[in-house]
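This report concerns only the one structure given below.
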Amino acid sequence: MSPLSIPGFTEHRVTVDDEVALSAAVGGSGSPVVLLHGFPQTHLMWREVAADLAADHTVVCPDLRGYGTSDKPAETGPDVYSKRTMARDVVRLAAELGHERFTLVGHDRGALVAFRAAMDHPSAVAHALFLDVLPTLDMWDALHGTSGAVGFHLYLMAQAPGLPEEMIRGAADTFFSFFLDAWTSDPAALPADVRRHYLDASAAAVPSIVADYRASAGIDVDHDAADRASGNQLAMPVTVLQQDWGTALGYHAEELWRSWAPRLRHRTVSCGHFMAEEDPKLIAAEIRALADR
């Protein structure tokens with residue numbers, strides 16, 4: 001077992017699509033909770049939250065398609081890394097592990113996957129918690145003027161295949177380190193060995209990470225727009241925790257989220273973007289509170 005594994009958890013490998021398998025760490029017992037990681041990370045970001053929750057929940061922590069040790073299929077079309085496809089992966093993974101209905105938690109990119117899973121598979125997602133994102137459609141609308149420069153990476157990775165992959169590969173450590181440094185308010189939350197793991201895992205997954213982001217500038221927007229036009233909403237209890245980006249970028253986060261999730265509990269937090277590592281007790285408590293709603 002890797003010294004960076006989650007103590008008490010076992011590693012599983014589950015086929016979820018044609019020639020695509022996800023790796024997942026599973027531990028604990030009780031009602032199931034699935035935790036989806038963000039960028040530029042792997043399932044290891046949940047190490048403290050998962051260990052806490054395992055006292056009274058079965059906890060499933062996968063590496064998303066294209067990340068960590070999960071498979072990284074070639075980007076042969078826009079749907080390969082659409083959030084719809086990645087969400088289907090997660091629902092299939094949970095079902096293969098015996099969980100037809102579960103609480104779903106996502107951070108950053110994982111929150112976008114969780115949003116699509118909750119929208120597309122409401123019979124599977126009993127409760128949903130999203131950490132520090134806006135839905136894809138609202139995210140692009142919020143980025144405007146010079147203040148939108150904080151999302152430069154979104155525009156870079158939205159470009160056609162070739163240039164962004166080459167640029168990022170040429171300075172992978174510098175590129176991925178930028179986000180680990182800029183997005184945390186407590187560097188001690190990312191110990192040196194964990195940080196090195198994130199950098200190595202991300203450098204080994206540049207094409208699939210870019211493909212994930214590229215999908216969010218195209219097909220993912222189309223899927224969100226179709227749901228908005230149809231008036232589709234998340235019927236399950238939803239919690240959103242995020243930093244106060246709205247003040248800087250000029251939007252009202254709670255209003256945006258409530259248009260998608262009428263049963264919303266929204267909270268602004270003081271920790272940095274990597275809140276599951278900066279304040280794991282808070283995140284575990286919020287997950288338990290949500291699962292009891």
Side-chain angles (χ1 to χ4, degrees), residues 36-41 45 64-67 78-79 81-87 90 104-120 128-159 164 175-176 178-179 182-184 208-234 238-262 264 266-269 272-276:
L36 305 181
H37 67 84
F39 160 92
Q41 298 177 295
M45 65 158 282
L64 295 169
R65 170 188 293 234
Y67 289 80
D79 197 50
Y81 285 94
S82 74
K83 302 307 134 330
R84 174 158 286 160
T85 296
M86 296 170 79
V90 171
L104 183 58
V105 182
H107 173 256
D108 189 83
R109 306 305 294 173
L112 301 182
V113 175
F115 175 81
R116 181 46 51 194
M119 191 68 75
D120 288 357
L129 192 155
F130 308 111
L131 298 180
D132 217 27
V133 296
L134 293 175
T136 301
L137 190 62
D138 297 311
M139 173 189 71
W140 286 111
D141 288 344
L143 296 173
H144 50 79
T146 55
S147 61
V150 297
F152 78 93
H153 59 301
L154 302 173
Y155 294 93
L156 171 62
M157 291 190 275
Q159 305 310 308
F175 181 76
F176 294 116
F178 172 84
F179 302 101
W183 291 351
T184 182
S208 51
I209 290 175
V210 174
D212 166 28
Y213 274 85
R214 187 179 289 121
S216 285
I219 193 169
D220 295 340
V221 173
D222 295 340
H223 292 158
D224 280 10
D227 279 318
R228 175 161 287 170
S230 298
N232 295 335
Q233 293 181 309
L234 303 177
V238 170
T239 297
V240 174
L241 305 179
Q242 55 195 147
Q243 300 177 89
D244 193 14
W245 286 107
T247 298
L249 296 177
Y251 63 83
H252 193 290
E254 183 172 356
E255 287 183 3
L256 292 176
W257 269 109
R258 196 169 296 280
S259 70
W260 293 104
L264 174 70
H266 186 279
R267 178 175 177 183
T268 301
V269 299
H273 179 66
F274 301 113
M275 53 188 69

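As a basis for the values below, the full set of heavy atoms in this structure was taken, side chains included, without hydrogen atoms, waters or symmetry mates. In this chain, numbering begins with 1 at the start of the sequence shown. These numbers were taken from a predicted model, which means no experiment stands behind them.
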Checklist outcome for this item: Between Lys83 and the options Asp220, Asp120, Asp227, Asp224, the salt bridge (charged side-chain N to carboxylate O under 4.0 Å, His left out) test singles out Asp220

Calculate, to the nearest 0.5 Å, the distance between atoms [atom1] and [atom2] belonging to [X] and [Y] respectively.
X      : Y      : atom1 : atom2 : value
Met139 : Leu112 : CE    : CG    : 6.5 Å
Met119 : His223 : CE    : NE2   : 12.0 Å
Arg228 : Gln233 : CZ    : CD    : 10.0 Å
Asp141 : Leu134 : CG    : CG    : 9.5 Å
Phe179 : Phe39  : CZ    : CZ    : 4.5 Å
Leu36  : Phe130 : CG    : CZ    : 10.0 Å

Item to check | Stepwise side chain to side chain contact (heavy atoms under 4.5 Å, CB included) test for Asp132 and Phe274 | outcome: CA-CA 9 Å; Asp132 217 27; Phe274 301 113; over 6 Å; no

Side chain [X], main chain [Y], donor-acceptor under 3.5 Å:
X      : Y      : answer
Asp138 : Trp257 : no
His266 : Glu255 : no
Arg214 : Gln159 : yes
His37  : Leu64  : yes
Thr85  : Asp79  : yes

Taking all heavy atoms of [X] and all of [Y], pick out the closest pair and write down the distance.
X      : Y      : answer
Ile219 : Ser82  : CG2-CB, 3.6 Å
Ala118 : Ala128 : CB-CB, 4.4 Å
Ala211 : Tyr81  : CB-CD1, 3.5 Å
Ala158 : Ala217 : CB-CB, 3.5 Å

Do [X] and [Y] come within less than 4.5 Å of each other through their side chains, counting heavy atoms only?
X      : Y      : value
Trp245 : Tyr251 : yes
Val240 : Trp260 : no
His153 : Phe178 : no

Checklist entry - Counting only heavy atoms not in Trp140, do more than 12 fall under 6.0 Å of its CH2? => result yes

Checklist entry - Where do Trp183 and Asp108 land on the side chain to side chain donor-acceptor pair (under 3.5 Å) test, with the steps shown first? => result CA-CA 11 Å; Trp183 291 351; Asp108 189 83; over 6 Å; no

Next on the checklist: We want to know whether Arg109 and Ser216 form a side-chain donor-acceptor pair, criterion being a heavy-atom distance below 3.5 angstrom.
Outcome noted: yes

